[in-house]
Amino acid sequence: MTYTITTKIIVFLYLISISEAIRNIISIKNQDELSSPSVNEPGICSLLIETQGYKCEEHKVTTKDGYILSMQRIPTGRGGEKSNKPPVLLQHGVLMDGGTWVLNSPDESLGFILADNGFDVWIANTRGTNFSRGHTSLNPSDPAYWEWSWDELVAFDLPASTQFVHDQTGQKMHYVGHSLGTLIAFSAFSKDQTLNMLRSAVLLSPIAYLGQMSSTLARAGADVFLGEALYWLGLHEFAPRGKAVADLLSVICKKPGNDCSDLMTSFTGQNCCVNSSMTDKFLEHEPQSTATKNMIHLAQMIRTGDITMYDYGNADDNEKHYGQSTPPVYDMESIPKDFPMYLSYGGADELSDVEDVKTLLKSVKDHDVDKLVVQYKEDYAHADFVFAVNAKEVVYDPVMEFFKLN
């Protein structure tokens, strides 16, 4: 999308309307950066996995562009039985980290359930999250550290994580992604990347097309160019717990039709089966930082309905980065038709909206029938797929049966 003079005027007027918030942003910018967690803090193993009685290994993975990612391995079940099934790589969504898969009780968390059923569990963490803030030459306080979108997760993080697991185990793995973890997988698959190391992929709350997203808060943030406003003000780290983002979010929440009394529901839809204690635990651990540029990229998808690489806003800059005036498209129809995939989506999900998923399913309509499983759960919303008290019976047991076939 080319940002016209009219668009810039609209954004300028919006910034005037939130002038009080913006004055606060500049004054607290450094405080937000200093309050970000250090990579040297205790990891997910000691905080969330070993406390439940499981063995856990901490690993570090360095991407080709220098980001140092943390990865956890659960090599045995709670009883100490060694894995006798293939590895499974778990990839979380945006504003979250690998703790997603082990926040619930052992009987309800996919990471623990897989380990107890004999799978070799590997948990990925994308750049910028609490325990993946290292870099070979940059510091999170450097704006250059945050100069990335989910394009770089496709190009660097996902290949590095899959290659590491493959090298460590000598086996092909199953992949499970949630939310943004599905978008980077679909995009990689469309370019025939990483598939040589994968047995299958499970895509929970699949994100590809976002043009019909029904989440009022997410759409409001996109419509008022929230990410662009932060970026232009010099905030390259999108820190949800920082005062800058909170100030701008409070303005959005005051707009008619935006109910922020329950932020999780406002963003994700009405989750049917996430209990209140889980919500409290979630808020202790999440949400976490991502790049402001990443949020801009997602907002572009909401506004255009397309799946393309990051749009630099004008033909000259796109030409400089891509050799063409518009950003390249990730073509979902290019996903190999014989690659086993399991897609599970919910009728109450306002981020992975039903209509957008239908558009995705049309894109893969020629997929081999025996290689594509589609599950629809009418009362599930976005968080139910990772936090619901009944997710084991509804989603995870069928997923493990799918793994057996692949």
Side-chain angles (χ1 to χ4, degrees), residues 37 41-59 69-75 77-78 88-117 119 121-126 128-133 161 175-182 202 204-205 240-241 262-265 267-290 344 346 349 351-352 377 380-397 399-400:
E41 290 183 351
I44 289 175
C45 276
S46 62
L47 292 175
L48 296 173
I49 298 176
E50 292 169 350
T51 55
Q52 297 290 347
Y54 291 80
K55 292 182 179 178
C56 187
E57 302 170 5
E58 289 280 0
H59 295 270
L69 314 177
S70 74
M71 180 175 281
Q72 293 74 42
R73 182 188 194 181
I74 310 177
R78 188 161 38 171
V88 181
L89 176 62
L90 304 178
Q91 179 62 62
H92 61 84
V94 70
L95 303 180
M96 303 171 80
D97 74 352
T100 298
W101 306 106
V102 289
L103 271 181
N104 246 335
S105 70
D107 294 331
E108 296 170 348
S109 295
L110 181 58
F112 295 135
I113 291 169
L114 289 171
D116 286 336
N117 279 272
F119 291 95
V121 178
W122 294 79
I123 300 174
N125 299 270
T126 59
T129 52
N130 285 359
F131 307 110
S132 292
R133 298 174 72 86
S161 298
Y175 177 90
V176 181
H178 175 247
S179 191
L180 187 70
T182 70
V202 172
L204 307 177
S205 294
R241 294 177 182 270
D262 181 347
L263 278 178
M264 180 183 285
T265 297
F267 273 111
T268 70
Q270 184 64 55
N271 297 285
C272 70
C273 309
V274 179
N275 63 35
S276 58
S277 62
M278 182 63 244
T279 302
D280 293 341
K281 191 170 185 179
F282 168 82
L283 292 174
E284 289 176 10
H285 190 74
E286 320 281 359
Q288 297 187 22
S289 291
T290 187
S344 185
D349 195 333
L351 292 177
S352 177
K377 189 73 174 71
Y380 260 38
H382 207 68
D384 284 311
F385 288 92
V386 286
F387 297 139
V389 295
N390 63 348
K392 180 182 184 298
E393 295 77 23
V394 173
V395 181
Y396 305 156
D397 284 345
V399 162
M400 288 188 288

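Atoms considered below: every heavy atom in the structure, side chains included; atoms not considered: hydrogens, waters and symmetry mates.
- At a threshold of 4.5 Å between non-hydrogen side-chain atoms, the residues Leu114 and Leu90 count as touching.
- Not counting sequence neighbours, Ser109 has no partner by the side chain to side chain donor-acceptor pair (under 3.5 Å) test.
- Gly93 approaches Ser179 most closely through the heavy-atom pair CA-CB, 4.1 Å.
- Looking at heavy atoms from C-beta onward, Thr100 lies in side-chain contact with Phe387 at the 4.5 angstrom threshold.
- Considering only residues two or more places apart in sequence or on other chains, Tyr380 meets the ring-ring contact (aromatic ring centres under 6.0 Å, His included) condition with Phe385.
- The CG atom of Leu204 sits 8.5 Å away from the OG1 atom of Thr182 when rounded to the nearest 0.5 Å.
- Across all their heavy atoms, Trp101 and Gln91 have their closest contact at CZ2-O, 3.3 Å.
- Judged as a side chain to side chain donor-acceptor pair (under 3.5 Å), and not counting sequence neighbours, the contacts of Asn125 are Ser70, Gln72.
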(request) Evaluate the side-chain contact (heavy atoms from CB on, under 4.5 Å) criterion for residues Val394 and Lys377: first the C-alpha distance (whole Å), next the side-chain angles of each, then the deciding distance (0.1 Å), finally the verdict. (result) CA-CA 8 Å; Val394 173; Lys377 189 73 174 71; 3.4 Å; yes

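- The salt bridge (charged side-chain N to carboxylate O under 4.0 Å, His left out) search around Glu50 returns none, not counting sequence neighbours.
- In this view, His178 and His382 satisfy the ring-ring contact (aromatic ring centres under 6.0 Å, His included) rule, not counting sequence neighbours.
- In this structure, Met400 and Asn117 have side chains that are in contact, with non-hydrogen atoms separated by less than 4.5 Å.
- Interatomic distance, Gln288 CD to Thr129 OG1, rounded to the nearest 0.5 Å: 5.5 Å.
- The side-chain contact (heavy atoms from CB on, under 4.5 Å) test applied to Thr51 returns no partner, not counting sequence neighbours.
- Contact of the Phe119 side chain with the Ile113 side chain is not registered, since no non-hydrogen atoms from C-beta on lie closer than 4.5 Å.
- The heavy-atom pair separating Cys56 from Ile49 by the smallest distance is SG-CD1, 3.6 Å.
- Note that OG of Ser344 and CG of Asp384 are 10.5 Å apart. Values are rounded to the nearest 0.5 Å.
- In this structure, CG in Leu103 is found 10.5 Å from CG in Leu47, a value given to the nearest 0.5 Å.
- Considering all non-hydrogen atoms of both residues, Glu108 and Tyr396 come closest at O-CE1, 3.6 Å.
- Considering all non-hydrogen atoms of both residues, Ser161 and Met71 come closest at CB-CE, 3.6 Å.
- Annotation: the span from Glu393 atom CD to Cys273 atom SG amounts to 10.5 Å, rounded to 0.5 Å.
- When side chains are defined from C-beta on, Phe131 counts as touching Ile44, because their heavy atoms get closer than 4.5 Å.
- The side-chain heavy atoms of Ser289 and Arg133, taken from C-beta on, include a pair separated by under 4.5 Å.
- To the nearest 0.5 Å, the span separating CG on Leu89 from CD1 on Ile123 amounts to 9.5 Å.
- Closest non-hydrogen pair, Arg78 versus Pro106, comes out as NH1-CG, 3.6 Å.
- Contact of the Val102 side chain with the Gln52 side chain is not registered, since no non-hydrogen atoms from C-beta on lie closer than 4.5 Å.
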